[in-house]
Amino acid sequence: MKITGLELHILLAPDYDPGACSSAQDDLIVEVRTDEGIVGIGETDTNPWVARECIRARGTHCMGLGLQEMLLGADPMQPEAVWETLYRGSKMTGRRGALICALGAIDTALWDIKAQTLGVPLWKLLGGNPGRVTPYASLLPTGRTIRDYADSLVAKVKRTKSLGYRAAKLEVCVNGPYSHNGLQEPDDVIVEIVAECRNAVGPDLVLMVDVAYAWPDPATALGVIERLAPFGIEFIETPIDIDDLEGYAFLQERSPIPIAAGEWQNTHFEFLDLADRGKVDVLQPDVGRVGGITEALKVCRIAADRGRKIVPHCWKSGLGIAASAHLASATEHCPYIEFLPLELAESPLRRELLVEDFRIVDGQLELPTKPGLGVDLNREALRKYRVDERV
């Protein structure tokens, strides 16, 4: 079997809000075609126009090649070998950043092809268990005032509990560089919002908190984290700048709440730094961004060797959720995956991109049983939301 072509779909929600801290409003879908008619699919979470050019741009020398030109003619049944070829051949312009994200979409599609060819769901190919995985509902509020934001989050976490989820993550993005709709509120507001949410759902629902790099230094972060500890938080996500690895180590050694990070990390090499220098408790590889299933599996091994947890990041469509679910099934130390419930998702890409979404039963996600990723793209949605250039 050989790879004969790629199709790249850039998707954009027509009512996207540039002030929102949500990357679920656009997408790059990659389809990898073979000479035997089997097609694999993958997606990645980065600027889709940049990632597309990383794939289709030509190169001029042996370590500055484009991904597409290296991929054509390759054997999709050898995804790990293909990954190494693409990584090595693009090192001059790649190694990290958008090119690795683009490679992640391609790699996911190759694993999809391999599992389809073997007639098994991907989780089985990866050595996973046939049961269910536990999703946490990832909740980004709406609202342009802090009161509207808080009310929206309280309403969403209450709905999450009523839908039967066992866990939820509160996106409390109200200050710092990644704040929602330009909000810049004092740290007291973070504590107040978390308190409101905990009071609204009681003690049984597991709660995580993502503050999106809010605090300027680890000492400031620690002061607020200590105030959040009484609310029984499973982990606090990305409290400080992701490049401050010594700061993460400082927090991990002192924080009463486990520290989580890794949504932006590319390749397992960056996770080695995050685990060993940053000492992070919960590693959060995003399958697309880290470089695909091939690299995500390496990150899972890094976590296992160090006694850390894996909780995959996924703020995109059901395609990325499927990849996370297969990975989680094969990872014993993965207690949760990130999940955007259809009922609470603003993005039409999350709601419409798959023909059929996942079943949540007793708070757990049922694994796909069809070969490969086990999900089908909604072609009508692809046509509806596809754009060639940024608008």
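From a predicted model like this one, the values you see are computed outputs, not experimental measurements. The first residue in the sequence is number 1, and the count goes up from there.
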Requested in this report: Answer yes when D26 and K316 have at least one side-chain N-carboxylate O distance shorter than 4.0 Å, and no when they do not.
Outcome: yes
Requested in this report: Show your reasoning for whether side chain to side chain contact (heavy atoms under 4.5 Å, CB included) applies to Q265 and R289.
Outcome: CA-CA 7 Å; Q265 262 59 18; R289 289 175 178 170; over 6 Å; no
Query raised in the report: Is there a donor-acceptor pair closer than 3.5 Å between any side-chain N or O of W111 and the backbone N or O of G40?
Result: no
Query raised in the report: Within a strict 4.5 Å, meaning less than it, do heavy atoms of the I190 and W215 side chains meet?
Result: yes
**Report entry** Residue from L170, I146, D188 passing side chain to side chain contact (heavy atoms under 4.5 Å, CB included) with I193
**Finding:** I146
Query raised in the report: Do Y385 and E352 meet the criterion of a side-chain donor-acceptor pair at a distance under 3.5 Å?
Result: yes
Query raised in the report: Going by atom types alone, do D286 and W315 pair a side-chain donor with an acceptor below 3.5 Å?
Result: no
Report task. Given side chain to side chain contact (heavy atoms under 4.5 Å, CB included), test I3 with L110 step by step and report yes or no. Result -> CA-CA 9 Å; I3 296 168; L110 298 187; 3.7 Å; yes
Requested in this report: Cation-pi check, R350 to F358: give yes when NZ or CZ is under 6.0 Å from the six-membered ring centre and within 45° of the ring axis, no otherwise.
Outcome: no
Query raised in the report: Can you tell me if CZ on R147 sees more than 12 non-hydrogen neighbours from other groups inside 6.0 Å?
Result: yes
Query raised in the report: Within 45° of the axis and under 6.0 Å from the centre of the six-membered ring of W83, does NZ or CZ of K298 qualify?
Result: yes
Query raised in the report: Does Q184 CD have over 12 foreign heavy atoms under 6.0 Å away?
Result: yes
Query raised in the report: Looking only at heavy atoms, which two atoms of N266 and G97 are closest? And how far apart?
Result: OD1-N, 2.8 Å
Requested in this report: Sort out for me which residue in E237, E338, K309, H313 forms a side chain to side chain donor-acceptor pair (under 3.5 Å) with Q284.
Outcome: E237
Report task. Might you point out which heavy atoms bring G374 and K370 nearest each other, and give the distance in Å? Result -> O-CE, 3.5 Å
Query raised in the report: Which heavy atom in R306 sits nearest to a heavy atom in D276, and how many Å separate them?
Result: NE-OD1, 2.6 Å
Requested in this report: Dump the intermediate steps for salt bridge (charged side-chain N to carboxylate O under 4.0 Å, His left out) on E295 and R96, then the final yes or no.
Outcome: CA-CA 12 Å; E295 285 298 279; R96 304 293 185 270; over 6 Å; no
Query raised in the report: Would you say the side-chain atoms of R132 pair up with the backbone N or O of Q364, donor to acceptor, closer than 3.5 Å?
Result: no
Query raised in the report: So, the side chain of K124 versus the backbone of P130: is there a donor-acceptor pair under 3.5 Å, distance only?
Result: no
Query raised in the report: Would E43 and S317 count as having a side-chain donor-acceptor pair, cut-off 3.5 Å?
Result: yes
Requested in this report: Please confirm whether the backbone N or O of W49 pairs with a side-chain atom of N47, one donor and one acceptor, at under 3.5 Å?
Outcome: yes
Requested in this report: Considering only NZ, NE, NH1 and NH2 on the basic side and carboxylate oxygens on the acidic side, decide whether R301 and D305 come within less than 4.0 Å.
Outcome: no
Requested in this report: Treating Ile, Leu, Val, Met, Phe, Trp and Tyr as nodes and any side-chain heavy-atom pair under 4.5 angstrom as an edge, say whether I293 and V32 lie in one connected cluster.
Outcome: no
**Report entry** Minimum heavy-atom distance between T108 and G292, given as atom pair plus value
**Finding:** OG1-CA, 3.9 Å
Query - Within 6.0 Å of CD in E356, more than 12 heavy atoms from elsewhere - result: no
Query raised in the report: Backbone N or O of L349 within a donor-acceptor pair of the S347 side chain at under 3.5 Å?
Result: yes
Report summary line: Smallest heavy-atom separation, N181 atom then A20 atom, equals OD1-N, 3.6 Å
Requested in this report: Kindly assign one of parallel, tilted or perpendicular to the pair W264 and Y178, based on the angle between their ring planes and the thresholds 30° and 60°.
Outcome: tilted
**Report entry** Cluster check I360, L354: I/L/V/M/F/W/Y, side chain < 4.5 angstrom
**Finding:** yes
**Report entry** V154 and C197, any side-chain heavy atoms less than 4.5 Å apart
**Finding:** yes
Query - Enclosure of R254 CZ (heavy-atom neighbours >12, cutoff 6.0 Å) - result: yes
Query - Donor-acceptor contact present, side-chain Q116 to main-chain V39, <3.5 Å - result: yes
Query raised in the report: So with a 6.0 Å cut-off around CD of E332, is the heavy-atom count from everything else above 12?
Result: no
Query - Note: E234-R166 ion pair, threshold 4.0 Å (strictly below) - result: no
Query raised in the report: Is M92 atom CE crowded by more than 12 heavy atoms from other residues, nucleotides or ligands, each under 6.0 Å away?
Result: no
Report task. Is it possible for you to say whether L228 and Y136 belong to one hydrophobic cluster, with membership spreading through side-chain heavy-atom contacts below 4.5 Å? Result -> no
Query raised in the report: Does any N or O in the side chain of S152 come within less than 3.5 Å of the main-chain N or O of T142, such that one atom is a donor and the other an acceptor?
Result: yes
Report task. Using distance alone, with no hydrogens and no angle criterion, decide if D210 and T238 have a side-chain donor and acceptor under 3.5 Å apart. Result -> yes
Query raised in the report: Can you check side chain to side chain contact (heavy atoms under 4.5 Å, CB included) on Y213 and D241, steps first, answer last?
Result: CA-CA 5 Å; Y213 318 97; D241 190 301; 5.7 Å; no
Report task. Report whether I257 and L207 are members of the same hydrophobic cluster (ILVMFWY, side-chain heavy atoms less than 4.5 Å apart, transitive linking). Result -> yes
Query raised in the report: Quick one: does T160's side chain have a donor or acceptor within less than 3.5 Å of a partner on A137's backbone?
Result: no
**Report entry** Note: E31-R379 ion pair, threshold 4.0 Å (strictly below)
**Finding:** yes
Report task. Count the heavy atoms belonging to other residues, nucleotides or ligands that lie under 6.0 Å from NZ of K161, then report whether that count exceeds 12. Result -> yes
Query raised in the report: Hey, does the side chain of D112 reach the backbone of L373 with a donor-acceptor pair shorter than 3.5 angstrom?
Result: yes
Requested in this report: Apply side chain to side chain contact (heavy atoms under 4.5 Å, CB included) to the pair S22 and E346, showing each step before the final yes or no.
Outcome: CA-CA 10 Å; S22 172; E346 278 75 38; over 6 Å; no
Query raised in the report: Is there a path of hydrophobic side-chain contacts, each under 4.5 Å between heavy atoms of I, L, V, M, F, W or Y residues, that connects L283 with I233?
Result: yes
Query raised in the report: Salt-bridged, K169 to E263, with N to O below 4.0 Å?
Result: no
Query - Donor-acceptor contact below 3.5 Å, side chain Y165 vs main chain R159 - result: no
**Report entry** Heavy-atom closest pair, residues V50 and A98
**Finding:** CG1-CB, 3.6 Å
